[in-house]
Every structure is written in C-alpha cells, then in structure tokens.
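One structure is given here, and the rest of the page talks about it.
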Amino acid sequence: AVAWAQSRGLIASDVGPELFLPRYEQLRSASRYVATLPERSLSAPLHAFWSEHTRTRRGAQLPDWSRYTRGEASEHVVPGDHEAVLCDATVLATVAALLR
C-alpha cells in the first residue's frame, strides 16, 4: 500500500512502511473489537460505503453492519475502486449530509 501511494505521489518516497505499522495495528485492533461486539449494542446509525470493485471481489464476505446497531444501517455502493470511494464528490456530499 505504501509503494502504491508513493508511486502516485501521495506519500514521499523517503517515508518507510514502518511508519505506518502503528496505524495498521490500531486498525487491526478496531477490527477485532467490532468482531466481539454483541449484536444491537450500538445506538448510532452506521453507514457503510463500498466500492463496486470491493463489493464484487468480496461478495457475501462483506459485513452486515445492521446487526451491530439498533439505529439505522445503510450501505452505499460507489462505482470504481477503493480510491473512488475516498475521492468521489458524491460520497463526500453524502457523508456530509449524514453527519448533519
């Protein structure tokens, strides 16, 4: 992932992957935490954004976020790949509207 970002000029070429290890460990820890949540233990709305590419690649392996919340759960599929989800203006506008 670091090499990919460096090849696109998103990260300086002198930044080593070891600098990302603490963040990676945080994400793994968060994933393990979510996996142990009792069903319907959250009251907050959950909104998942997936790229078409990820949804096609993972298919039925995508998490069902609705099982974790008593609030609204929605899923949004964005054309393209993971980068499209992060950069798409429609996604950004949808997230902004959901946070209001």
Side-chain angles (χ1 to χ4, degrees):
V2 174
W4 176 90
Q6 287 172 331
S7 72
R8 286 161 176 75
L10 302 172
I11 299 173
S13 60
D14 60 344
V15 174
E18 67 280 355
L19 294 177
F20 292 89
L21 187 58
R23 179 69 178 135
Y24 175 74
E25 289 301 324
Q26 286 177 332
L27 291 172
R28 284 181 48 123
S29 177
S31 177
R32 286 191 296 268
Y33 171 73
V34 168
T36 63
L37 279 176
E39 291 200 7
R40 311 278 188 242
S41 60
L42 302 174
S43 296
L46 295 175
H47 305 284
F49 289 82
W50 300 105
S51 71
E52 246 176 19
H53 176 260
T54 299
R55 190 135 200 256
T56 300
R57 186 172 44 91
R58 293 190 56 193
Q61 297 176 0
L62 293 174
D64 176 11
W65 293 105
S66 67
R67 65 183 248 220
Y68 296 109
T69 185
R70 293 183 302 272
E72 174 190 1
S74 64
E75 186 174 283
H76 309 266
V77 180
V78 178
D81 60 10
H82 181 75
E83 187 175 343
V85 173
L86 300 176
C87 301
D88 186 270
T90 304
V91 172
L92 299 176
T94 302
V95 170
L98 290 169
L99 292 175
R100 286 189 197 128

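None of the values given here were measured: they were computed from a predicted structure. All heavy atoms count here, side chains included; hydrogens, waters and symmetry mates do not.
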Checklist entry - Any donor-acceptor pair under 3.5 Å linking the side chain of Thr94 with the backbone of Thr90? => result yes
Next on the checklist: Quick check: is Leu92 connected to Leu86 through a chain of hydrophobic side chains (ILVMFWY, heavy atoms under 4.5 Å apart)?
Outcome noted: no
Checklist entry - For the residue pair Gln6 and Ser13, what are the closest heavy atoms and their distance? => result NE2-O, 3.5 Å
Next on the checklist: Treating Thr36 as the side-chain partner and Tyr33 as the backbone partner, does any N or O pair qualify as donor plus acceptor under 3.5 Å?
Outcome noted: yes
Checklist entry - Are Leu98 and Val91 linked, directly or through other ILVMFWY residues, by side chains that come within less than 4.5 angstrom of each other? => result yes
Checklist entry - Does one hydrophobic cluster hold both Leu27 and Leu10, with members joined at side-chain heavy-atom distances below 4.5 Å? => result no
Checklist outcome for this item: Of all heavy-atom pairs linking Pro22 and Glu18, the shortest is CD-O, 3.7 Å
Next on the checklist: Assigning hydrophobic clusters by single linkage (Ile, Leu, Val, Met, Phe, Trp, Tyr; side-chain heavy-atom cutoff under 4.5 Å), is Phe49 placed with Trp65?
Outcome noted: no
Item to check | Arg70 side chain vs Arg40 backbone, donor-acceptor pair below 3.5 Å | outcome: yes
Item to check | Shortest non-hydrogen separation from Thr69 to Ala73 and the atoms involved | outcome: CG2-CB, 4.2 Å
Checklist outcome for this item: Correct closest heavy-atom pair for Ala84 and Pro79 would be CB-O, 3.4 Å
Item to check | From Thr56, Val85, Val77, residue fulfilling side-chain contact (heavy atoms from CB on, under 4.5 Å) relative to Ser51 | outcome: Val85
Checklist outcome for this item: CD (Glu83) and CH2 (Trp4) are apart, to the nearest 0.5 Å, by 4.0 Å
Next on the checklist: Let me confirm one number: the CD-OG distance from Glu72 to Ser43, rounded to the nearest 0.5 Å.
Outcome noted: 13.5 Å
Checklist entry - In terms of the angle between their ring planes, are His76 and His47 parallel, tilted or perpendicular, with boundaries placed at 30° and 60°? => result tilted
Item to check | Same apolar cluster (I L V M F W Y, side chains within < 4.5 Å links), Leu21/Leu19 | outcome: no
Next on the checklist: Applying side chain to side chain contact (heavy atoms under 4.5 Å, CB included) to Trp50 and Glu75, what does each step give before you reach the verdict?
Outcome noted: CA-CA 7 Å; Trp50 300 105; Glu75 186 174 283; 3.4 Å; yes
Item to check | side chain to side chain contact (heavy atoms under 4.5 Å, CB included) assessment of Thr54 paired with Arg57 | outcome: CA-CA 5 Å; Thr54 299; Arg57 186 172 44 91; 3.8 Å; yes
Checklist entry - With distance as the sole test, does Glu39 use its side chain to make a donor-acceptor pair with the main-chain N or O of Tyr68 at under 3.5 Å? => result no
